[in-house]
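Quick notes on the structure that follows.
Below, chain A is the first sequence line, B the second, and so on; all start at residue 1. Values in this document were obtained by computation on a predicted structure and should not be read as measured data.
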Amino acid sequence: MDFATVIQILDSMMRLSTPLIFACLAGLFSERAGIFDIGLEGKMLASAFFSAAVAAFTGSVLLGMMAGLTASMLLALVHGMASITFRGNQLISGVAINFFASGMTALIGQNWFKLGGRTPSLSGDGRFLPIEFPFAVNIESVPILGPIYSELFSGHTFLVYLSIPTVFLAWWILFRTRFGLRLRAVGENPEAVDTGGLSVTGLRYQATLICGLLCGLGGAYLSTGMAAGFIRDMTAGKGFIALAALIFAKWRPVYALLACLLFGLLEAIAIRFQNIEITGLGTVPLQLMQALPYILTVVILAGFVGKAIPPRAGGEPYVKER
Amino acid sequence: MTGKEQSARPDDAAPAIELRGISKSFGPIRANRDISLSVASGTIHGIVGENGAGKSTLMSILYGFYKADAGEIRINGKPTAIPDSQAAIGAGIGMVHQHFMLVQNFTVLENVVLGAEDGPLLGPSLAKARSLLTRLAGEYELSVDPDAVIEELSVGYQQRVEILKSLYRQADILILDEPTGVLTPSEASHLFRILRSLRDEGKTIILITHKLQEIMAVTDTVSVMRQGEMTATVRTCDTMPEELAQLMVGRKVLLRVKKQAANPGDVVLDATNLTVTDDRGVERLKDVSLQVRKGEILGIAGVAGNGQTELLEVLGGISSATGSIRINGKEVSCSGPGSDAGSRRRCGVAHVPEDRQHLGLVMDFHAWENMAFGYHHDSRYNHNRLFMDNRAIRHATARNMEHFDVRPATAESVARNFSGGNQQKIVLAREFTRGPQLLVVGQPTRGVDIGAIEFIHQRIVDLRDSGAAVLLISVELDEILSLSDRVAVMFDGRIIGERITSETNENELGLLMAGITSES
């Protein structure tokens, strides 16, 4: 494996990790506040569809993203209503949102565009374009640093550059602000929050909305940044991989970033090396390589990463006793 | 008394808290009836009463958990509405709950500032709290490491954090709900030192407890509650524990139960040195030994939470303990394999749990399904190893319901649709009809109407007369007195006294229930 290949793989890792990072942070906010959310997938998918659809109609990726964020936050609100106001089962609500988004996007897509659930290909201002760093072309030929700067750092879309600072922003909000303290408290012991004179419901709704916003960014990136248009079920389990990364990271933002990068890396390797020759055994099948991130997900969820303690009040609707 | 205080301290005339005519009902249960209470500023005021006397309800009204049906709250002379906790905090009231309201994986500092932060950023609030904590630590012996994580602190320290939380919110009135229940004696005396120094600084403290020694040791004034009413308020120095015990228990009308003198036979249950330690490492049951003979009822009296539940669960095979249990002379396990509820049943132990809705019944299952619980392997209920004989179960249920006068006698109704008394009869019917050699029964008539109480009492006596040994646990002293042949009183996880029922009275037992033995 030469240096150029390594750079290429890392470059594609950055792009592939971005939706995971947004979704993982979305789950982090929600679960830290005590609302389990397996509907990350559905929210991303809804956002991906509406981003691409509105961008296709208007030719503006920003309007598209706004539409995507709105769709995702509306679904987040539905999840909030079900699990906070009506104290329903959070898993069921999440599953319902996933099914709803999967069916709805395909149905509306077919109705609007007649392309079998796809949106038309986006071009120009209809999608996020790579941002080239200054002098990227000039120093590309410099050994080592050149490719790192011009290929790895430069040439990604806006949302890729947004994802990394968002991780640190999330950390800062959770651990350095009043809001973060209250949010973490409500996921651990809502009674303490309630007796402290704060609104459990209000805090949880805020967390769900943040979750919707971040899922929306992840979804918008999928259809307008990474790809040029929406394809049916294009999230392909990324919402669940993000959940696995969240557990792997034990609900901590910076570890979440690392976990998402690891998943992105596996995916990048799978794409780059579709046929690996192992001497004496023959070729590793393509399918096995493509399954790598999912296999890691299963391994992590099966608890091979040591004890991961979720927020204590997670999944439990808050009912005032006494 | 109020007049005297007013003349003595004219500047501080208004009491810190004044309740006027507070009433609160939950459905048919009147938890608080027309309660008036006046707590002078800068005093420690104790509120005593049995379980269910309405102490906690009253304090919940004061802290904004409940809205009173009628009545007025005045804080420092001003009529104050307290619709929620926030309003209570705003009025300068702080509460130390029996179960601490702390976030377990937060530090002390984070818990203290939670909900009382100064601005959107945490840094300044934490710094302010740190300096305040250092100051309070010196002033009131309230030292806690501000950076310690709550779950690593002992219960006594966690309680200090709760007090610090209230002080950080500038509470002038501090309510402590059963604060010593979870403390060791030395932790408790430390707490009292803290409370005294807080009082000396002008804070007003309300201490809710059922332990009379604590009242005598630390309070200035004491109010007694009984059955939702405030029966007396006296100065602590003018009263005696005996008087308080009598006020607490009151003169109750004994329910009449037709009962012959007991005819005790061989020892059925012989428990020695039973000890239960909970998951926090606190001993809930301490070295309890007791015997119950064939044909007698041993009543366990005591204020709830003094180890009775643990004792019942150990005997019923629900939780494990150290020590030894012999049934009819045969050793049975207290922990590990063979200590489960099924094994107990096979030894002839029937268990009627305290909480019938959680442990006794599956509320959404039919009466006949509930009737088979615990006896699924009974040959009468099974065709063979694979299929149950539902018809036999239904048949048995119909018969049992008739014998136990369950109304409506419909085996197809779900348990939830029966009244409390009829639910209890279903459980009793299931356990009684197996002809147990030992019955352990907890709170047999809790939430049961008066007619059903008599019926249930009569059945328990009948079971005794048919040769069973009965261990009866109840927080209702009159129930214990009318049913049992011997009474053991539990306090703080121990049996602190045992009496023959015919040779004792409620005052003597009331003192024992409050932890006062003639020896001490």
Worked verdict on B:Tyr157 versus B:Asp145 for side-chain hydrogen bond (donor to acceptor under 3.5 Å, both in side chains): CA-CA 9 Å; B:Tyr157 276 97; B:Asp145 172 12; over 6 Å; no
Portion of B:Asn111 that has a non-hydrogen atom of chain A nearer than 4.5 angstrom: neither
Largest heavy-atom contact set with chain B, pairs under 4.5 Å, which of A:Leu198, A:Leu181, A:Val193: A:Leu181
Heavy-atom contact with chain A under 4.5 Å, split by part of B:Ile89: side chain
CG on A:Leu209 to CG on A:Leu77, rounded to 0.5 Å: 5.5 Å
Salt-bridge present (B:Glu151, A:Arg312; N to O < 4.0 Å): yes
Contact origin within A:Arg184 toward chain B - heavy atom pairs under 4.5 Å: both
Part of A:Arg182 lying under 4.5 Å from any heavy atom of chain B: both
Criterion side chain to side chain contact (heavy atoms under 4.5 Å, CB included) against A:Leu20, the qualifying member of A:Leu257, A:Leu246, A:Leu261, A:Ile241: A:Ile241
Check: A:Phe248 and A:Leu262 side chains under 4.5 Å, non-hydrogen atoms: yes
